[in-house]
Amino acid sequence: MVHKSWLVLMPLMVLLMGCTAHKAATTHSSSNTEYGKFNGVTLDVSRRHYRVSTLRKYIHLVADNHGSFIQLHFSDDKDFAIENNYVGQSIKNARKINGVWHNKKTNQFFYSQAEIKSLVKDAKRQGITLIPEIDTPAHVTALVETMKANGKAKLAKQVSWYSKSYRDEIHLNQAGIQFVNKLNDEVGEDFANQSNARFHLGGDEFTDKVKSNAPYVKYLNATSQNVEKMGFIPEAWNDGFLNSSLSKLNKDIQVTYWSWTADQQGSLGKQRQKYWASMPKLIKHGFKVLNYNDYYLYFNLSKANISKKNVNYMISDMKQYWKPTLWHNDNDTTLKSKRGIVGSSVSLWADAAGSITDQQVYQASNKFIKTFLKLAEDR
């Protein structure tokens, strides 16, 4: 994601904060008392590879602070960060350097299926749901590069195209649907049989269309129904939920709401506010949502942003203003109750993280995450 969130005016400082399987048991409904209780952390493991030991630390951090999930953003422009034989990424054509798997052809970092299964096992012991996010139709540049370099160039050409605005994208046609379903089938096997199992299908920053998106409706309905067959609750970013399409989209999809306009200003921003569904509109139409407000809940990693002074400022601002019902930026867009809001997430994005160690990221984000989880639970 290209997140332009939470710009804080401070002297000489800018803060960019603001993102078998068929036997799995899932629950698609929530009672009023459960609203706002499913809270967690999203980690961008595509543009910044965390060691498995660090991911375990985050699992335990979330569990120790009454959180419920960790979402792993596997696909973006840097790494397709998970082993997947269907697209040609396997430990058979990789090498392990300092404990991290590297694709020999692309040098992309990725997690092996054995590592994922081990993390899921640990998460289950801690009562945490580990959520895979395979972001499509956009944010697939590293995936396409992986396929082209590992004997799947013909398939990559069949199912993808290049957008001047959003780079590589998956075609919103039957070939694209079949490809994504096969891709997700293999991913889903490693994340199956969890409590409250979920599969995030992506769906952000892929089009500038605002009035109609019938091909995406068909695409998202098909891919969401596919992961439901595997026992997962489907999730997707709010970008593709236009007012005109709400009656046509699968109501089982839970919408992770990060921005009403994808951080666009001017005429495009105004158009999106007119045609994109607001969080209240989604709830009114029967969708369940999660609050990913990119103004308060996004932590864009950089050397400047992880400084103690900046982190303390972000925590203070979040404590003073954010609540689960505040769904768009810092504007007065507050819902009257948490009805329809399943939960919330903070996100650690790595659009331009630079050379920061796991230890530095964990130390900088630890208090931020603890504060968020307490606010999400109490407010």
Side-chain angles (χ1 to χ4, degrees), residues 20-21 43-56 70-123 130-162 167-171 175-192 199-202 223 226-227 230 232 350 353 355 357-358:
T20 62
L43 297 174
D44 180 358
V45 298
S46 169
R47 288 172 294 193
R48 192 192 179 285
H49 190 89
Y50 295 83
R51 290 187 172 276
V52 171
S53 59
T54 303
L55 294 183
R56 292 192 199 283
I70 290 181
Q71 175 179 323
L72 300 175
H73 178 78
F74 284 115
S75 57
D76 220 294
D77 58 353
K78 185 178 179 183
D79 295 334
F80 179 66
I82 187 170
E83 183 177 9
N84 190 282
N85 290 291
Y86 177 57
V87 299
Q89 180 147 277
S90 168
I91 59 173
K92 294 178 181 179
N93 58 9
R95 58 181 177 269
K96 203 169 191 179
I97 303 174
N98 296 324
V100 177
W101 287 105
H102 293 62
N103 188 304
K104 289 181 181 178
K105 300 288 183 65
T106 64
N107 203 39
Q108 293 182 23
F109 297 176
F110 68 93
Y111 300 97
S112 70
Q113 292 178 340
E115 289 172 332
I116 293 297
K117 289 176 181 176
S118 176
L119 286 168
V120 170
K121 186 177 181 180
D122 190 19
L130 211 57
I131 304 172
E133 182 195 343
I134 304 298
D135 201 350
T136 71
H139 296 281
V140 296
T141 295
L143 169 60
V144 171
E145 289 176 354
T146 296
M147 295 169 67
K148 289 179 177 178
N150 291 277
K152 302 284 185 175
K154 184 177 179 180
L155 178 61
K157 186 176 181 180
Q158 289 173 342
V159 302
S160 68
W161 64 286
Y162 191 84
R167 303 182 70 185
D168 293 285
E169 294 198 38
I170 302 300
H171 283 298
I177 291 169
Q178 290 176 351
F179 166 75
V180 170
N181 284 347
K182 287 182 180 180
L183 170 66
N184 291 347
D185 283 348
E186 188 172 336
V187 173
E189 290 177 4
D190 296 334
F191 289 87
F199 197 115
H200 201 298
L201 298 162
T223 55
N226 181 65
V227 298
M230 292 190 284
F232 294 99
S355 55
T357 67
D358 278 19

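For reference, positions follow the sequence shown, starting with 1.
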Is the backbone of [Y] close enough, under 3.5 Å, to the side chain of [X] for a donor and an acceptor to pair up by distance?
{"X": "Glu186", "Y": "Asn85", "answer": "yes"}
{"X": "Gln108", "Y": "Ala142", "answer": "yes"}
{"X": "His102", "Y": "Lys104", "answer": "no"}
{"X": "His139", "Y": "Thr141", "answer": "no"}

Would a 4.5 Å heavy-atom cut-off, applied to side chains only, mark [X] and [Y] as touching?
{"X": "Ile82", "Y": "Phe110", "answer": "no"}
{"X": "Arg167", "Y": "Tyr162", "answer": "yes"}
{"X": "Asn181", "Y": "Thr223", "answer": "yes"}
{"X": "Phe74", "Y": "Val45", "answer": "yes"}
{"X": "Leu55", "Y": "Tyr111", "answer": "yes"}
{"X": "Asn107", "Y": "Arg95", "answer": "yes"}
{"X": "Leu183", "Y": "Asn84", "answer": "yes"}

[X] and [Y]: side-chain donor and acceptor closer than 3.5 Å?
{"X": "Gln113", "Y": "Glu189", "result": "no"}
{"X": "Asn103", "Y": "Gln89", "result": "yes"}
{"X": "Asn150", "Y": "Asn93", "result": "yes"}

Output field: ring centroids Phe179/Tyr86 closer than 6.0 Å: yes
By side-chain contact (heavy atoms from CB on, under 4.5 Å) - contacts of Ala350 (at least two apart): Asp44, Arg47, Arg48, Ala353
Considering all heavy atoms, the nearest Glu115-Gly99 contact: OE2-O, 4.1 Å
Gap separating the [atom1] atom of [X] from the [atom2] atom of [Y], nearest 0.5 angstrom:
{"X": "His200", "Y": "Ile134", "atom1": "NE2", "atom2": "CD1", "value": "11.5 Å"}
{"X": "Asp190", "Y": "Ile116", "atom1": "CG", "atom2": "CD1", "value": "7.0 Å"}
{"X": "Leu130", "Y": "Leu72", "atom1": "CG", "atom2": "CG", "value": "4.5 Å"}
{"X": "Asp135", "Y": "Ser46", "atom1": "CG", "atom2": "OG", "value": "9.0 Å"}
{"X": "Thr146", "Y": "Asp79", "atom1": "OG1", "atom2": "CG", "value": "8.0 Å"}
{"X": "Leu155", "Y": "Lys157", "atom1": "CG", "atom2": "NZ", "value": "13.0 Å"}

His171 and Trp161 aromatic ring geometry - parallel, tilted or perpendicular at 30°/60° bounds: parallel
Aromatic ring pairing Phe199/Phe232, orientation class (parallel under 30°, perpendicular over 60°, tilted between): perpendicular
Among Asp185, Val180, Ile177, Leu201, side chain to side chain contact (heavy atoms under 4.5 Å, CB included) partner for Asn226: Asp185
Partners passing salt bridge (Lys or Arg N to Asp or Glu O under 4.0 Å) against Arg51 (at least two apart in sequence or in another chain): none
